[in-house]
2 protein chains.
Amino acid sequence: MPADRGLAVSQECADCPIRHRAVCARCENDELQQLEDIKYYRKFEAGQNVIWSGDRMDFVGSVVSGIATLTQTMEDGRTQMVGLLLPSDFVGRPGRDTAPYDVVATTDLVMCCFRKKPFESLMVSTPNIAQRLLQMTLDELDAAREWMLVLGRKTAREKIASLLSIFARRDASINMSMATGRIVFDLPLTREAMADYLGLTLETVSRQISALKRDGVIELEGKRHVTVPDMDLLLEEAGDDSDGGMLV
Amino acid sequence: MPADRGLAVSQECADCPIRHRAVCARCENDELQQLEDIKYYRKFEAGQNVIWSGDRMDFVGSVVSGIATLTQTMEDGRTQMVGLLLPSDFVGRPGRDTAPYDVVATTDLVMCCFRKKPFESLMVSTPNIAQRLLQMTLDELDAAREWMLVLGRKTAREKIASLLSIFARRDASINMSMATGRIVFDLPLTREAMADYLGLTLETVSRQISALKRDGVIELEGKRHVTVPDMDLLLEEAGDDSDGGMLV
DNA sequence: CGTCTACTTGAACACGATCAAAACGAGTGG
DNA sequence: CCACTCGTTTTGATCGTGTTCAAGTAGACG
């Protein structure tokens with residue numbers, strides 16, 4: 001178990017890639033300075049646990065790059081992913097000190113961490129941080145509720161299409177591929193991780209991906225490289241309103 | 001469609017039953033006074049819609065008494081309940097003006113409402129409100145994620161047991177029935193509403209309740225009156241850690 | 001090559017859904 | 001008091017989606 005490299009990334013908040021989306025988004029320069037004083041970076045390798053459920057948590061932080069998952073596990077081993085952490089997402093809960101879920105790095109991961117105690121003090125003295133955190137938490141609550149519909153009522157095919165839409169949408173907003181209509185991305189999760197997110201088995205995930213490929217909804221190169229020729233078609237397969245719920 | 005009685009409950013915040021649990025929990029007397037200035041009560045009858053998905057929302061508020069549900073519906077009619085609103089729970093989102101879900105009164109319901117604009121101003125000027133709302137939102141996020149495990153990985157029997165545990169736990173904390181070991185309560189939801197919460201059909205709900213009764217996990221008088229002779233047994237059926245995750 | 005791990009595919013099964021009918025309880029009116 | 005309706009719930013029979021168990025393929029790395 002190779003420890004994370006001690007001397008990690010060093011970076012100015014000013015040119016941080018998640019500057020305008022993370023908890024610090026609303027901070028003024030002086031507030032940013034205060035955060036800078038208590039922050040440090042940590043790197044994790046793909047597959048590494050960031051936090052173990054039940055462990056004491058003495059930091060909170062933001063995902064800078066890479067992807068992590070939040071998962072819950074029952075005694076008999078059944079696991080359910082309850083959150084997908086993308087760059088700018090926040091980890092940890094001010095005011096609680098043991099972690100309720102496992103946090104696992106799915107890809108190589110860089111996190112911007114704050115020691116919990118000083119961060120909690122800042123929360124009180126800096127409304128811009130608390131307000132941003134409230135906003136982000138409300139967004140996550142909406143996402144969690146949307147996912148409850150997926151888990152409770154959608155078919156396996158719709159579930160897969162829903163998950164692919166999430167990746168496709170995220171990628172479209174980064175790569176500006178809207179123009180061409182074709183969206184291309186790499187799946188950041190294994191079939192098993194997808195199954196854990198969707199409440200399915202990995203075999204069913206595999207079968208449904210094959211089916212969507214066979215039906216021309218997606219194209220596959222290798223196991224991970226996906227092309228979506230027609231986003232509207234994918235959304236239809238996902239069972240979402242085609243006239244896109246523009247919550248953004 | 002009988003309108004809600006215009007002249008509704010009038011009440012002092014000081015002797016409000018949800019005073020220490022709602023958004024206002026942390027407020028000092030002067031802050032409470034400011035809330036009192038912008039609040040008004042509304043009553044809804046069982047079955048009435050409080051809010052329709054997509055509608056403009058010009059108020060936020062707290063459930064004072066009764067039970068309401070948050071539900072999401074797909075075009076083809078499949079519905080999933082995404083939240084259960086009990087007394088002291090908060091409805092509405094500062095900073096957003098169209099409702100993302102239907103809110104339906106399941107029993108007769110009293111809400112303490114605040115006009116949205118003034119409330120948003122108070123949020124900025126009164127950290128105690130914003131902080132309490134953040135705390136409550138984080139709790140709801142935890143609850144939503146717990147429910148994702150129920151929806152994604154539990155069997156029908158475990159789902160029913162999980163739902164019954166929620167009601168039982170809530171009731172135990174009110175009635176102090178811990179002593180006797182027997183917990184008694186009335187189901188606040190129809191079989192159909194339970195099905196919508198659990199991602200099942202109402203027939204399956206009915207069958208599993210019958211099965212739990214047959215196996216002595218619960219006792220039933222009529223359709224709604226439930227007795228739990230052994231809470232540990234119920235929790236075991238729900239698939240939860242028997243040594244109770246004491247998050248309280 | 002051999003050995004991983006990740007993924008795919010097949011066959012049989014089981015759980016929960018679906019369709020259908022009947023029981024129950026509360027309310028209404030003769 | 002019984003007959004009637006209406007909404008909720010129970011129970012039964014059959015069906016289908018997704019699971020389970022099992023074998024096999026593909027690609028990476030030694």
Side-chain angles (χ1 to χ4, degrees), chain A residues 45-48 69 74 76-80 104 106-107 150-164 186-215 218-226 237 239, chain B residues 45-48 69 74 76-80 104 106-107 150-164 186-215 218-226 237 239:
Chain A
E45 291 171 21
Q48 236 185 332
T69 62
M74 296 171 67
D76 62 7
R78 282 177 281 176
T79 72
Q80 174 66 49
V104 182
T106 292
T107 64
V150 173
L151 290 173
R153 292 301 185 193
K154 292 197 177 179
T155 64
R157 172 182 262 243
E158 289 169 332
K159 284 179 174 183
I160 296 291
S162 298
L163 184 57
L164 293 175
D186 282 312
L187 286 173
L189 301 180
T190 65
R191 300 290 187 265
E192 188 180 21
M194 288 190 250
D196 283 344
Y197 203 3
L198 296 167
L200 297 171
T201 59
L202 66 90
E203 293 95 330
T204 300
V205 170
S206 181
R207 271 185 252 274
Q208 295 298 335
I209 288 182
S210 300
L212 288 174
K213 177 184 174 186
R214 174 169 40 69
D215 299 344
I218 58 172
E219 292 157 23
L220 264 183
E221 273 177 273
K223 315 292 189 186
R224 298 291 193 91
H225 194 74
V226 178
E237 290 288 353
Chain B
E45 291 171 22
Q48 240 187 327
T69 62
M74 297 172 67
D76 62 7
R78 281 177 282 177
T79 72
Q80 175 66 49
V104 182
T106 292
T107 63
V150 173
L151 290 174
R153 293 301 185 194
K154 292 197 177 179
T155 64
R157 171 182 263 244
E158 288 170 334
K159 284 179 174 183
I160 296 290
S162 297
L163 183 58
L164 293 176
D186 283 312
L187 286 172
L189 301 180
T190 64
R191 300 290 187 265
E192 188 180 22
M194 289 190 249
D196 283 345
Y197 202 5
L198 297 167
L200 298 170
T201 59
L202 65 91
E203 293 95 329
T204 300
V205 170
S206 179
R207 270 187 251 275
Q208 295 298 335
I209 289 182
S210 298
L212 288 174
K213 177 182 172 186
R214 175 170 36 71
D215 299 345
I218 58 171
E219 292 157 22
L220 266 184
E221 273 177 274
K223 313 293 188 187
R224 297 291 191 90
H225 194 74
V226 178
E237 291 288 352

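Every chain is numbered from 1, with letters handed out A, B, ... down the list of sequences. No hydrogens, no waters, no symmetry mates; every other heavy atom, side chains included, goes into these values.
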Please give, in whole Å, the distance from [N] [atom2] to [X] [atom1]?
{"X": "A/Glu203", "N": "D/dT25", "atom1": "CD", "atom2": "P", "answer": "17 Å"}
{"X": "B/Met194", "N": "D/dT8", "atom1": "CE", "atom2": "P", "answer": "12 Å"}
{"X": "A/Leu187", "N": "D/dG27", "atom1": "CG", "atom2": "P", "answer": "16 Å"}
{"X": "A/His225", "N": "C/dC7", "atom1": "NE2", "atom2": "C1'", "answer": "18 Å"}
{"X": "A/Leu220", "N": "C/dC7", "atom1": "CG", "atom2": "P", "answer": "11 Å"}
{"X": "A/Arg153", "N": "D/dT17", "atom1": "CZ", "atom2": "P", "answer": "17 Å"}
{"X": "A/Ile209", "N": "D/dG18", "atom1": "CD1", "atom2": "P", "answer": "14 Å"}
{"X": "A/Leu202", "N": "C/dT5", "atom1": "CG", "atom2": "P", "answer": "15 Å"}

Worksheet item: Around atom CD of A/Glu192, are there more than 12 heavy atoms of other residues, nucleotides or ligands at under 6.0 Å?
Response: no
Which part of the nucleic acid does [X] contact within heavy-atom distance under 4.0 Å: base, sugar-phosphate only, or nothing?
{"X": "A/Leu200", "value": "sugar-phosphate"}
{"X": "A/Arg224", "value": "sugar-phosphate"}
{"X": "A/Gly199", "value": "sugar-phosphate"}

Worksheet item: Nearest of C/dG16, D/dG18, C/dC7 to any side-chain atom of B/Ala156?
Response: C/dG16
Practice prompt. Among the candidates C/dC7, C/dC24, C/dC19, find the nucleotide nearest to the side-chain atoms of A/Arg191.
Written response: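 Within the option list, the nearest is C/dC7.
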Between [X] and [N], does any side-chain N or O lie under 4.0 Å from OP1 or OP2?
{"X": "B/Thr190", "N": "D/dG7", "answer": "no"}
{"X": "A/Ser210", "N": "C/dT9", "answer": "yes"}
{"X": "B/Ser206", "N": "D/dT10", "answer": "yes"}
{"X": "A/Arg207", "N": "C/dT8", "answer": "no"}
{"X": "B/Thr201", "N": "C/dG16", "answer": "no"}

Check: [Y] and [X] side chains under 4.5 Å, non-hydrogen atoms:
{"X": "B/Arg191", "Y": "B/Ile209", "answer": "yes"}
{"X": "B/Val226", "Y": "B/Leu220", "answer": "yes"}
{"X": "A/Gln208", "Y": "A/Leu198", "answer": "no"}

Worksheet entry | Any donor-acceptor N/O pair, B/Arg153 side chain to A/Arg78 backbone, under 3.5 Å | no
